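Here is the structure we will look at, set down as structure tokens.
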Protein chains: 2
Amino acid sequence: MSEPRIADEGRRRGVNRSRMADVARLAGVSTSTVSRALRQPDIVSPELRTRIDEAIERLAYVPNLMAGGLASARSRTVGIIVPSIMNSFFSETVEALGERLADRGYQLMLGHSGYSTEREEALVASYLAWSPAAIVLTGRHHSKLTLRRLLEAEIPVVEMWELGERPIDMLVGFSHREVGRAVARHFRSRGATRLAFVGAALDRDLRALERGAGFLAEASAGGTDAVTVSLAERPQVATGAQGLARLLDEQPGVDAAFFSNDVMALGALFECRRRGIAVPERLRLCGFGDLDFAAESVPLLTTVRPPRREIGRRIADALLARFEGDASGPAVLDLGFELIERESG
Amino acid sequence: MSEPRIADEGRRRGVNRSRMADVARLAGVSTSTVSRALRQPDIVSPELRTRIDEAIERLAYVPNLMAGGLASARSRTVGIIVPSIMNSFFSETVEALGERLADRGYQLMLGHSGYSTEREEALVASYLAWSPAAIVLTGRHHSKLTLRRLLEAEIPVVEMWELGERPIDMLVGFSHREVGRAVARHFRSRGATRLAFVGAALDRDLRALERGAGFLAEASAGGTDAVTVSLAERPQVATGAQGLARLLDEQPGVDAAFFSNDVMALGALFECRRRGIAVPERLRLCGFGDLDFAAESVPLLTTVRPPRREIGRRIADALLARFEGDASGPAVLDLGFELIERESG
DNA sequence: CTGAAAGCGCTAACAC
DNA sequence: GTGTTAGCGCTTTCAG
């Protein structure tokens, strides 16, 4: 069998790719020592470490992570699923998380569910096939099968961007219901008497729905009128403009509106401008997200700032700690939010 | 050695995770047949295939991709590097690409370079350790080492979002220089006589720089005055507002400005509003990107629409073809762009 | 069309 | 602190 193997060699590994055995030979040590030098440098004598480093350098050795992963039954990979990559809320979290993990040698496998639990299910299955070090999901809503697979995998699992009881494992986020309450209270404190929540695709975006629910609950608890305008379309700038139009049509008496997110609020701002509606004098507007235009728009947008980057950072820290065997962190981490009062509301 | 192995078994593979050997045994075939049934179902007899499928179902078998990858020296993984995940230009490309690849069983490994070639180098190295099926990079600017590694890896490599000569392998994008020229021509055709390009972080964002260069070249070729306002900050809404302020300060005679991208143009629009500058009467504005607010702002934003999703789609198609052994596609794919004339310019 | 056998390149006991 | 040994779970010749 050694004849064919040699003939085949170039094809299998790329002409120049060297293996750990090559490094070991050049450094005059065993592969175990090379392996240790790579993963726990401090348990190898300085002298050998130097020789090994030189050999690695000379051979331009790149470890084969699949071989390592197979042998150790785990990989330095973290699977993450967000509803949409294009949504800058989540992409900022992904960026912060990915950066921190990459520094420690972990790779992010990214996928988007489009708010579908079936798609999430398929993604989780394909991640699991890689024996990932951990899996990060958005939200608390998962299929039964996803849940079972995750439990059986016995790896750290993080649910993010929400709060609640009994997380699969860890939960890092904030309360959308409280966001809604805070906005309603804010509007009331400003003297608004007829409130509205304007949302889009609320059947899929459960977090937005929750913000709306909190908003309505707080309003009625305070004896204030509150209605919902619900659009079927995805939450975009144009959808916000439409929402504003429908609101004015159907509920002309409303004097303060909480929009599903800043993107929609921006559309509403433009539509108000077009219609000559004075903001905030005639109508108060509040968004969600504190995207960067909120601090620049005319008028400046009152909004709620979620801990976008912080979620990513804290997940990375929690995960890294778990990878080192430290499971002392809290299962549920409430990162809170901030109401940013500007001009629009 | 068999004693400890058995005791260890649960720990290594997760209590319930079955292997291909389990499937083979249950179906009464060899692992080779199971392996074939999984990868090329049509070369296995229908009867065995059925039995195998049932066994897979019953055992909830999930293949170990690392074992498969090790044995075959390749993986169904595609590494992709964008400058920033948060930039919705690239995230839309990533989303389109990822969706199409996921449908065919490929996973995306995502990283962001922050416009740094060193970071790109590190990411490429770590991707290569996974024997990826392909690597996708943004732009044409890479370190020598990155280039060498990519060449040696002998896998499909796509450079995207730009055009040019001698791609590493494949190139899918459009000409930023032509974008700049088109905008300059457009402004001239509207009667503008003093043009400006407003960019941010142009030392890092080489594509924006190129758009600016094309814009200036076309302007001067047409005998029109043209200046550049270059800001050090990252291109954001606030930066656009600052850029507008500086422009008005330093070049009060300018009557048309091309902004690095729509986000900055939006900031400029707000700043004009604050200062009471009439757009387009006193100053024409053009952005780049055609982000969704461009079709809703007041005034509507004239801009250039890059083939954001299309880039992702076409890369997926090209890659999938290559994976099947079809290398007949073009090495360079120019997807063009579209100038969207609206109200602002 | 199917099975047997030989690894893929690394890690993880275990012994020294 | 270091080397030896025995796999990790699959794919891939090669026979039949």
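Being a predicted model, the structure only gives us computed values, none of them experimental. Proteins come first, then strands; the chains are lettered A, B, ... in the order of their sequence lines, and each starts at number 1.
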Tell me: [atom1] of [X] to [atom2] of [N], nearest whole Å?
X	N	atom1	atom2	value
B:Arg25	C:dA4	CZ	P	13 Å
A:Leu65	D:dC10	CG	C1'	17 Å
A:Arg51	D:dG3	CZ	P	9 Å
B:Glu47	C:dC1	CD	C1'	12 Å
B:Arg39	D:dC10	CZ	P	11 Å
B:Asp22	D:dC8	CG	C1'	14 Å
A:Asn64	D:dG9	CG	P	17 Å
A:Arg74	C:dA12	CZ	P	5 Å

First of B:Gly28 and A:Val62 reached from the 5' end of DNA chain C, by closest nucleotide: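 Its nucleotide being nearer the 5' end, the pick is B:Gly28.
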
Donor-acceptor pair (no angle test) under 3.5 Å: B:Ser32 side chain, D:dT12 base: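 Under the 3.5 Å cut-off, the side chain and the base do form a donor-acceptor pair.
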
Out of [options], which has the shortest distance to the side chain of [X]?
X	options	value
B:Thr31	C:dT11, C:dA4, D:dT11	D:dT11
A:Thr33	D:dG3, C:dC10, D:dC10	D:dG3
A:Ser30	D:dT4, C:dG3, C:dC10	D:dT4
B:Met20	D:dC10, C:dC14, C:dT11	D:dC10
B:Ala71	D:dT2, C:dG7, C:dT2	C:dG7
A:Ser72	D:dG3, D:dG9, C:dA12	C:dA12
A:Leu70	C:dA12, C:dG3, D:dG9	D:dG9

Just distance, no hydrogens or angles: give the donor-acceptor pairs under 3.5 Å from side chains in residues 53-67 of chain B, sequence neighbours left out.
residue	atom	partner	partner atom	Å
B:Asn64	OD1	B:Met66	N	2.9
B:Asn64	OD1	B:Ala67	N	3.1

Sugar-phosphate only, base, or nothing, as touched by B:Leu48 at under 4.0 Å among non-hydrogen atoms: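 Sugar-phosphate, backbone atoms only, no base.
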
Is the shortest distance from a Lys or Arg side-chain nitrogen in [X] or [Y] to a carboxylate oxygen in the other one below 4.0 Å?
X	Y	result
B:Arg25	B:Asp22	yes
B:Glu152	B:Arg149	no
B:Glu162	B:Arg140	no

Most 5' of B:Arg36 and B:Gly68 on DNA chain D, judged by nearest nucleotide: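 Nearer the 5' end of the strand: B:Gly68.
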
OP1 or OP2 of C:dC1 under 4.0 Å from side-chain N/O of B:Ser45: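 Checking C:dC1 against B:Ser45, no side-chain N or O comes under 4.0 Å of OP1 or OP2.
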
Under 4.0 angstrom between B:Tyr61 side-chain N/O and D:dG9 OP1 or OP2: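 Indeed not, no polar side-chain atom of B:Tyr61 lies that close.
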
Side-chain heavy-atom pair A:Glu120, A:Ser116 within 4.5 angstrom cut-off: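 Side chain of A:Glu120 against side chain of A:Ser116, heavy atoms only: no contact under 4.5 Å found.
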
Show every donor-acceptor pair shorter than 3.5 Å between a side-chain atom in residues 318-325 of chain B and any protein atom, with sequence neighbours excluded, or say none if there are none.
residue	atom	partner	partner atom	Å
B:Arg322	NH1	B:Asp169	OD1	3.3
B:Arg322	NH2	B:Asp169	OD2	3.0
B:Glu324	OE2	B:Arg104	NH2	3.4

